[in-house]
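By convention in this document, chain letters (A, B, ...) are assigned in the order of the sequence lines, proteins followed by strands, and residues within each chain are numbered from 1. Worth saying up front: this structure is predicted, and the values here are computed from it rather than measured.
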Amino acid sequence: MQRLFCSRWIISGVSLAVGTGIGVALSGASDRFHGENNLLRKIPVIPIPSVNAASELLPYPQAQLTPSKSTAAVKYGFPSLSHIRSRESHVTCYDARNRTPAWVIEQLNAGTLSGTSDRKLCDFKEDDSVHVYHRATNSDYRGSGFDRGHLAAAANHKWSQKAMDDTFYLSNVAPQNPHLNQNAWNNLEKYCRSLTKHYENVYVCSGPLYLPRQELDGKMYVKYQVIGKNHVAVPTHFFKVVILEKKHGEVELRPYVMPNAPVDEKIPLERFLVPIESIERASGLLFVPNILKRTNNLQAISAKA
DNA sequence: TTTAATGT
């Protein structure tokens, strides 16, 4: 398994500690607020919800009755809100900092795969629901050397032209190595579709990863390219967590990771299986938290690989 | 077949 990630890529959670440099990087920013440019006026502000909205987000019922100091703190708005979007074909959580999805989840079955929807009628499009400061555009990708790689695949949603159209929002897209996109990753997507022949429902959650690697000084760094005027982040890897629902309610997980680089499509897909925990640690996400994952025998298989 | 980008 290690070899498939390149020898120096590390996916273990131990290596994911955040450095202390961020305080240094941000110091001095406040001076700019008072400078001639009056930057504060240019800062995008998310519409201010009611002050009580903060208490509505808290899991403590009493907070709704008595606004506290912390609710007063957001008098001028939350710097961010949930970036979850519901589309015809998928649900996505947008990563505004990286201008890509954080994750995209979709449901596949025999029904979603059949229909007359035509990919030729679709065009990649900006997601207007994302603030212009955080939005990826087609021009960011043009000439970058990267494909606009779907996370929820177009061919998974032939059941409705609208559903297929929705997969072409750039909020469902990340910069992907063209060879990977058109070969090994495409094969993984086809494999997911084929699984609908054997399972009632196939849920697929896909997203980018930014894995740390050791540089020449022996220290760990997360390094990734950004493309275009909007600095769209180029993930180092992609994950795909396949959740298989059997007839009797039994659930099986198949978690895959591929590097965002050419991958020989002769390598069997099973070789890209990883423990679900490694994706969870690296991504900050948790998958199907309400089922027992430790009993998943596929983990044992990937651990042996 | 499904992925895309590129050039018109």
Checklist entry - Which part of the nucleic acid, if any, lies within contact of A/K120, taking any heavy atom under 4.0 Å across all strands shown: a base, the sugar-phosphate backbone alone, or nothing? => result nothing
Checklist entry - Any side-chain N or O of A/K190 under 4.0 Å from OP1/OP2 of B/dT3? => result no
Checklist entry - Where does the angle between the aromatic ring planes of A/F238 and A/W185 fall among parallel (under 30°), tilted (30 to 60°) and perpendicular (over 60°)? => result tilted
Next on the checklist: Output the rounded distance in Å from CG (A/L180) to P (B/dT2).
Outcome noted: 19 Å
Checklist entry - Is the closest side-chain heavy-atom distance between A/N260 and A/Y224 below 4.5 Å? => result no
Item to check | Distance-only polar pair, side chains of A/N230 and A/R135, donor-acceptor under 3.5 Å | outcome: no
Checklist entry - Roughly, in whole Å, what's the span from OH in A/Y191 to P in B/dT2? => result 19 Å
Next on the checklist: To the nearest 0.5 Å, what is the distance between NZ on A/K125 and CG on A/L170?
Outcome noted: 9.5 Å
Checklist entry - A/M164 has an atom CE; how far is it from atom C1' of B/dT2, in whole Å? => result 10 Å
Item to check | Atom pair distance, as rounded to whole Å: CG in A/L113 and P in B/dT2 | outcome: 10 Å
Output one line per pair: protein atom, nucleotide atom from nucleotides 5-8 of chain B, and distance, for all N/O pairs under 3.5 Å.
{"unit_1": "B/dA5", "atom_1": "OP1", "unit_2": "A/R148", "atom_2": "N", "d": "3.0"}
{"unit_1": "B/dA5", "atom_1": "OP1", "unit_2": "A/R148", "atom_2": "NE", "d": "3.1"}
{"unit_1": "B/dA5", "atom_1": "OP2", "unit_2": "A/R148", "atom_2": "NE", "d": "3.1"}
{"unit_1": "B/dA5", "atom_1": "OP2", "unit_2": "A/R148", "atom_2": "NH2", "d": "2.5"}

Checklist entry - Is any side-chain heavy atom of A/T196 closer than 4.5 Å to a side-chain heavy atom of A/L108? => result yes
Item to check | By salt bridge (charged side-chain N to carboxylate O under 4.0 Å, His left out) - contacts of A/D127 (at least two apart) | outcome: A/R87
Checklist entry - Which part of the nucleic acid, if any, lies within contact of A/N186, taking any heavy atom under 4.0 Å across all strands shown: a base, the sugar-phosphate backbone alone, or nothing? => result base
Next on the checklist: How many whole angstroms separate atom CG of A/L151 from atom P of B/dT3?
Outcome noted: 13 Å
Next on the checklist: What is the separation between atom CG on A/N260 and atom P on B/dT3, rounded to the nearest whole Å?
Outcome noted: 17 Å
Checklist entry - Can you say whether the rings of A/F168 and A/F124 are parallel (under 30°), tilted (30 to 60°) or perpendicular (over 60°)? => result tilted
Next on the checklist: Rounded to whole Å, please give me the gap between CG in A/L188 and P in B/dT3.
Outcome noted: 13 Å
Item to check | Length of the CH2-P vector between A/W185 and B/dT3, whole Å | outcome: 13 Å
